[in-house]
Amino acid sequence: MILSHQSPVPWFDDFVGVAYRYYDLRMNVVPLFSDRKQATNLWHDTINRWLDHSIKVRFVETDDDYWFIMAADSESPETNMSFFKMLPKSENYERFKKGHDGEAYLRLGTYSDKYLKDVKNDAICKCGHVAEDHDKNDEDACLYEVCKCRKFESFQVNLLKKKKTVTDIAFLDEKNVKDDSLAWNCLNVNKYSKLK
Ligand SMILES: [Zn+2]
Ligand SMILES: [Zn+2]
């Protein structure tokens with residue numbers, strides 16, 4: 001095979017989101033999976049073979065959303081993949097943007113929905129009120145009269161232990177996306193070429 005004719009690294013977006021957490025004294029970027037096995041396999045087959053210094057993470061902002069983009073050179077190019085996901089900006093995202101200081105740990109994580117039966121009394125619902133303020137006898141609705149919450153809902157994120165260090169992190173606005181070859185490649189393949 002002639003190197004310059006190698007097929008491009010495939011883009012992968014079959015994950016549920018990205019969490020940003022302080023853990024081990026450093027910010028962690030955590031792509032989330034609903035299935036632990038899928039996350040473990042993906043780490044083993046793809047990310048574990050990445051060369052740390054080559055890992056790039058890009059954030060391309062477009063109004064209230066952003067594109068999460070992640071890629072690296074691999075010891076085994078045949079199993080390599082690049083990741084992307086379009087996500088709504090969140091408080092945790094903004095905190096990461098301000099606080100990462102040019103470096104982060106990359107980990108994978110699992111995300112699961114939690115309902116009233118799954119949690120302790122002090123677990124916090126998406127409405128902001130704790131579990132014990134929800135009524136098991138009224139389909140788990142919130143007891144606060146002013147609250148519109150009809151059913152307790154929460155979630156849990158677990159981080160897998162293995163990690164890689166990322167030192168190439170950049171934030172861009174979509175109108176400047178051409179300035180960065182990885183970000184440009186991602187949006188070109190996954191957005192612009194699909195609009196035609
Ligand atoms: Zn609630
Ligand atoms: Zn409530």
Side-chain angles (χ1 to χ4, degrees), residues 11-43 47 57-70 81 83-101 103-164 166 169 171-174 186-187 190-191:
W11 286 101
F12 175 83
D13 72 343
D14 189 17
F15 55 106
V16 294
V18 180
Y20 303 96
R21 293 287 160 91
Y22 272 110
Y23 191 80
D24 289 351
L25 303 173
R26 205 171 266 170
M27 285 293 234
N28 286 241
V29 183
V30 188
L32 296 171
F33 295 79
S34 43
D35 182 49
R36 191 185 168 94
K37 193 117 195 247
Q38 189 194 6
T40 323
N41 288 343
L42 213 119
W43 185 276
I47 297 177
V57 176
R58 298 289 179 262
F59 301 89
V60 180
E61 304 193 343
T62 133
D63 301 318
D64 294 334
D65 299 314
Y66 69 96
W67 289 67
F68 167 83
I69 302 165
M70 182 170 79
M81 289 196 296
F83 294 70
F84 78 100
K85 192 95 191 165
M86 195 175 156
L87 297 160
K89 285 179 187 167
S90 66
E91 250 177 65
N92 287 329
Y93 166 75
E94 299 290 352
R95 197 175 304 147
F96 177 79
K97 186 179 172 184
K98 278 205 193 84
H100 69 83
D101 231 3
E103 219 168 70
Y105 284 139
L106 164 66
R107 280 189 158 84
L108 298 184
T110 56
Y111 173 100
S112 46
D113 288 311
K114 295 284 169 193
Y115 299 100
L116 196 54
K117 62 175 171 42
D118 307 320
V119 300
K120 295 196 176 131
N121 286 341
D122 60 352
I124 295 169
C125 175
K126 63 172 181 342
C127 73
H129 300 125
V130 294
E132 58 182 351
D133 293 331
H134 292 73
D135 188 356
K136 285 192 175 72
N137 300 317
D138 184 19
E139 296 177 335
D140 304 346
C142 186
L143 292 165
Y144 280 85
E145 266 178 48
V146 291
C147 190
K148 292 191 174 68
C149 171
R150 300 323 309 161
K151 185 181 176 61
F152 180 94
E153 266 180 53
S154 178
F155 65 90
Q156 190 179 345
V157 168
N158 288 313
L159 274 57
L160 305 189
K161 283 250 155 43
K162 296 202 170 138
K163 62 178 188 260
K164 292 244 170 203
V166 187
I169 299 169
F171 291 80
L172 302 117
D173 197 274
E174 190 179 347
C186 176
L187 266 72
N190 299 302
K191 181 175 180 182

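Every number for a ligand or one of its atoms is a count from 1 in the order of the listing. Every value quoted in this text rests on a predicted model; they were computed, and no experiment measured them.
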Salt bridge (Lys or Arg N to Asp or Glu O under 4.0 Å) against K85, all qualifying residues, sequence neighbours excluded: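 Expected list: none.
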Aromatic plane relationship, F155 with Y111 - under 30° parallel, 30 to 60° tilted, over 60° perpendicular: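 Taking F155 first and then Y111, their aromatic rings lie parallel (interplane angle under 30°).
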Flag if over 12 foreign heavy atoms under 6.0 Å of CD1, I124: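 Counting other residues, nucleotides and ligands, CD1 of I124 stays at 12 neighbours or fewer.
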Minimum-distance pair of heavy atoms, taken over all atoms of R107 and W43: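 That would be CA-CZ3, 4.1 Å.
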Student check: side-chain heavy atoms of F83 and P31 closer than 4.5 Å: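 Not touching, per the 4.5 Å side-chain cut-off.
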Side-chain touch V166/V29, heavy atoms, less than 4.5 angstrom: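 Counting from C-beta outward, V166 and V29 never come under 4.5 Å.
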Every N, O or S from the protein that is nearer than 2.8 Å to the Zn ion (ligand 1):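 Listed by chain and number, the nearby protein N, O or S atoms are C125 SG, C127 SG, H134 NE2, C149 SG.
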